[in-house]
There are 2 protein chains.
Amino acid sequence: MSPTPQERRAARHQLGTGSGAPAGRRGPSGGRKKPITVDAIVSTAFGIVEREGYEALTMRRVASALETGPSSLYAHVVNKEDLDELLIGRLCAEIDLPEPDPATWRQQITSVCARLRDQYLRYPGISRAAFAAAPSNLDTLRISEGMLAILLAGGIAPRTAAWAIDSLMLYVNAYSLEVSLAGSRLGRGDDGWVVSRDELLRRFAALPDTFPHTKRHATELTAGTVHDRFDFTIGLMIDGLRNRGAD
Amino acid sequence: MSPTPQERRAARHQLGTGSGAPAGRRGPSGGRKKPITVDAIVSTAFGIVEREGYEALTMRRVASALETGPSSLYAHVVNKEDLDELLIGRLCAEIDLPEPDPATWRQQITSVCARLRDQYLRYPGISRAAFAAAPSNLDTLRISEGMLAILLAGGIAPRTAAWAIDSLMLYVNAYSLEVSLAGSRLGRGDDGWVVSRDELLRRFAALPDTFPHTKRHATELTAGTVHDRFDFTIGLMIDGLRNRGAD
DNA sequence: GCGCATCGACGAACAGTGTTCTGCATCACT
DNA sequence: AGTGATGCAGAACACTGTTCGTCGATGCGC
C-alpha cells in the first residue's frame with residue numbers, strides 16, 4: 001500500500017517511521033472518472049476556502065465536491081487537522097524566497113511578510129489553521145530558513161534573528177486572521193459591530209468622559225487603511241532589529 | 001422586562017437602542033436555589049475554561065454545570081459568540097491600569113501587556129475568543145484608552161501611539177493563543193508534534209542540506225523560554241517606537 | 001381571596017459537525 | 001478462474017449551537 005496517511009504526516013514532520021511499506025501499487029479506481037488523491041482533496045479544499053471562506057471548509061463539503069461520502073477522505077487524510085496542515089503546507093510552498101542580498105535585506109524581509117499575508121488573505125480565515133501548525137512542519141520551516149538567511153545576511157545576530165522570525169510570522173498570522181474575521185462578519189451582515197470609519201468616529205465622540213484620549217484622538221485612531229497598519233508594525237519590528245545590530 | 005440579551009449586547013457596544021423597557025421586575029425563580037443570571041453564566045464559564053480549556057466550553061457544558069438545559073441560557077445570552085464577548089469583557093475589566101508616568105512609560109506599557117498575557121494564559125485558549133471581539137467593545141476600549149494614555153505621556157505621537165496599541169494587543173492575543181494551543185496539544189498526548197527542546201535539536205540536525213542556516217544555528221533557534229520571546233518582541237516594538245519619537 | 005396574564009425555565013428536536021464501522025465492488029497476482 | 005487485498009461509500013455515533021412549544025410559578029388588579 002502506498003504510504004498510509006499517518007506515515008505521510010510523520011514524514012512531513014521529518015519523523016523516521018521505519019520507511020513505509022514497499023508500495024505494491026494496486027488501484028481499484030473502478031469506473032471513477034478520477035481516483036481520489038491527496039492532491040485532489042487539497043485542491044478542492046483550497047477552492048472551497050477561496051470561494052466561501054475557511055468556516056465553510058468541512059469534510060462533508062469537500063467530499064460532496066468530490067462526489068463521494070465523507071468517509072472516503074479518511075483513506076488519504078488522517079484528520080481535519082491533517083487537512084489543515086496540508087493546506088498551509090501547500091500555501092507556504094507557493095511562496096518563493098529571494099536570494100539574500102545584504103544591501104536590501106530590509107526590503108526583502110518586508111516583501112516576504114507581505115507575500116505571506118497576501119497568500120493568507122486570498123484564502124480567508126485559513127490563518128486560523130496556520131496557528132495550529134507546528135513549527136516542525138517542513139514547508140513552514142522552509143520559509144523560516146529563507147527569512148533566517150535574509151536576516152543573517154543583513155548582519156543580525158543569530159539569536160536575535162531567530163526570535164524576530166518567530167515574532168514576524170506570528171504577527172502576520174494574527175493580522176491575516178483578524179482581517180479575515182472582520183471581513184467575513186462584514187460580508188454576512190451580522191448586526192455587525194464591524195462598522196464604517198464614519199460610524200466609528202461617531203461612536204468615539206459619544207464616549208463617556210472616562211475615555212478622554214480616545215475621544216480627543218479619534219481621527220488618528222481610525223486613520224489609515226488596514227494595510228498601512230500592517231506595514232507600520234512590520235517596520236516597527238525591523239527598526240528595532242537594526243538598532244540591536246549584531247547584538 | 002429587564003433588558004433583553006440583545007439590548008445588553010448593544011449597550012456594551014455603545015449603541016443607542018432607545019433605552020430599554022422600564023424594567024418591571026417579576027421573577028418566577030420557582031424553587032430554584034439560585035436564579036440563572038448573566039453573571040452566574042459567565043462565572044461558571046470561566047471556571048470551565050480555567051479547568052478544561054476553551055475547547056471544552058460549550059453551551060451544554062455550561063448549562064449542565066448550572067443544572068439546567070441548554071435552552072435556558074438563551075434567555076440571558078444571545079449567542080455563544082455573545083458569551084465569548086462577555087468573557088473577554090470581564091477578563092479585560094479585571095486588568096487595572098497604572099497612572100501614566102512619563103518617566104517609566106516603557107516599563108508601564110510592558111507591564112500592561114504582560115498582565116494581559118497572564119490573564120489570557122490563565123484561561124487557556126480564550127484568546128481565540130478575543131480575536132473575534134470587535135474593538136467597539138467598551139471593556140477592551142478601556143484598555144486601549146489606558147495604553148494610549150501611557151504612550152502619549154511617553155511623548156509618542158498620537159497616530160503612532162494608536163497604531164502601536166493595535167499591534168501590541170494583536171501580538172499579545174496571538175502569542176497567548178499559540179502558547180495555549182501548544183500547551184493543550186502537549187497536555188492530551190496527541191502523537192504530538194509539540195516536542196522537547198532536545199528532540200527539536202535532534203530534528204534540526206537531521207534536516208537536509210537545503211536548510212543550512214537552520215542546521216547551523218539550531219541552538220539559537222531553540223534558545224530561551226517562551227516568555228523570553230514574548231519580552232523580546234514587546235521590547236522590539238517599543239524600541240521602534242522610541243526612535244520614532246514624536247514623529 | 002381569586003383569576004389572569006406574563007415571563008423565566010425547560011425538554012425535545014433540528015441541522016449541522018468530525019469520525020468510525022462495516023460491507024461492497026473492483027483490481028492484481030497465482 | 002480463483003483469491004486476496006484494496007480503495008470506496010453508506011450508515012451510524014457522539015457531539016455541537018440553536019429554536020420551538022410548553023410548563024410552572026409569579027406578581028398584579030380586582
Side-chain angles (χ1 to χ4, degrees), chain A residues 1-6 8 20-41 45 48 52-85 128-129 132 190-191, chain B residues 1-8 20-38 40-41 45 48 52-85 128-129 132 190-191:
Chain A
M1 75 216 265
S2 57
T4 148
Q6 284 82 355
R8 261 199 21 261
R25 285 266 103 235
R26 288 294 164 84
S29 80
R32 282 199 70 78
K33 320 144 277 275
K34 291 178 186 176
I36 298 179
T37 66
V38 183
D39 254 30
I41 293 178
I48 292 173
E52 314 172 33
Y54 179 75
E55 296 199 352
L57 181 68
T58 70
M59 300 300 269
R60 286 178 154 82
R61 188 85 187 64
V62 175
S64 76
L66 251 38
E67 292 179 333
T68 179
S71 59
S72 303
L73 303 178
Y74 286 84
H76 308 269
V77 158
V78 176
N79 248 345
K80 168 109 198 311
E81 192 182 325
D82 186 30
L83 176 56
D84 290 345
E85 211 174 286
R128 185 171 139 41
D190 194 359
D191 320 3
Chain B
M1 80 218 260
S2 58
T4 148
Q6 284 82 355
E7 291 170 346
R8 261 200 21 264
R25 284 265 104 235
R26 291 292 167 85
S29 80
R32 283 200 69 79
K33 323 148 272 281
K34 293 178 187 175
I36 298 181
T37 66
V38 184
I41 292 178
I48 293 173
E52 313 171 32
Y54 179 76
E55 296 199 351
L57 181 68
T58 71
M59 300 298 269
R60 287 179 153 83
R61 188 87 187 62
V62 175
S64 76
L66 249 38
E67 292 178 333
T68 178
S71 59
S72 304
L73 304 179
Y74 286 85
H76 309 268
V77 158
V78 51
N79 246 345
K80 170 110 197 310
E81 192 182 326
D82 186 30
L83 175 57
D84 291 345
E85 213 175 285
R128 184 171 141 41
D190 194 2
D191 319 9

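Order of the sequence lines fixes the chain letters, A, B, ..., with proteins taken first and strands second; residue numbering starts at 1 for each chain.
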Tell me: [atom1] of [X] to [atom2] of [N], nearest whole Å?
X	N	atom1	atom2	answer
A/E81	C/dG18	CD	P	13 Å
A/R60	D/dA14	CZ	C1'	12 Å
A/H76	D/dG7	NE2	P	8 Å
B/Y54	D/dT16	OH	C1'	13 Å
A/I41	D/dA9	CD1	P	11 Å
B/M59	C/dG11	CE	P	16 Å
A/L73	C/dT17	CG	P	13 Å
B/K80	D/dT16	NZ	C1'	10 Å

Under a 4.5 Å cut-off applied to non-hydrogen side-chain atoms, are A/L83 and A/L73 in contact?
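When only atoms from C-beta onward are counted, A/L73 and A/L83 do not touch, as no gap falls below 4.5 Å.
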
So do the side chains of B/R128 and A/R128 get within less than 4.5 Å of each other, counting heavy atoms only?
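They are in side-chain contact.
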
Does OP1 or OP2 of C/dG18 have a side-chain N or O of A/N79 closer than 4.0 Å?
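Negative; the distance criterion is not met.
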
Any A/S72 side-chain N or O less than 4.0 Å from OP1/OP2 of D/dA9:
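True: A/S72 side-chain N/O within range (under 4.0 Å) of D/dA9 OP1/OP2.
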
Categorize B/T58 for me: base, sugar-phosphate, or nothing, with a 4.0 angstrom heavy-atom threshold over every strand shown.
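Sugar-phosphate only.
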
Would you compute the distance between atom CD1 of A/I41 and atom CE of A/M59 and round it to the nearest 0.5 angstrom?
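The CE atom of A/M59 is 7.5 Å from CD1 of A/I41, to the nearest 0.5 Å.
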
Who are the side-chain hydrogen bond (donor to acceptor under 3.5 Å, both in side chains) partners of B/N79, not counting sequence neighbours?
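Per chain and number, B/N79 pairs via side-chain hydrogen bond (donor to acceptor under 3.5 Å, both in side chains) with no residue.
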
List in chain and number order the residues that pass side-chain hydrogen bond (donor to acceptor under 3.5 Å, both in side chains) with A/R60, two or more places apart in sequence or in another chain; answer none if no residue qualifies.
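With sequence neighbours excluded, A/R60 shows a side-chain hydrogen bond (donor to acceptor under 3.5 Å, both in side chains) to no residue whatsoever.
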
Can you check whether any acceptor in the base of D/dA9 is under 3.5 Å from a donor in the side chain of A/S71, or vice versa?
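In this structure, the two groups form a donor-acceptor pair.
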
If you check every side-chain atom of B/P70, which of C/dA9, D/dC8, D/dT18 has the closest atom?
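Minimum distance to the B/P70 side chain belongs to D/dT18.
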
Picking from C/dT20, C/dC10, D/dT19, which would you name as closest to the side chain of A/Y74?
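Nearest to the side-chain atoms of A/Y74, counting from C-beta on, is C/dT20.
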
Starting at the 5' end of DNA chain C and moving along, which residue's nearest nucleotide shows up first, B/G69 or A/R61?
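Per heavy-atom nearest nucleotide, the more 5' residue is B/G69.
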
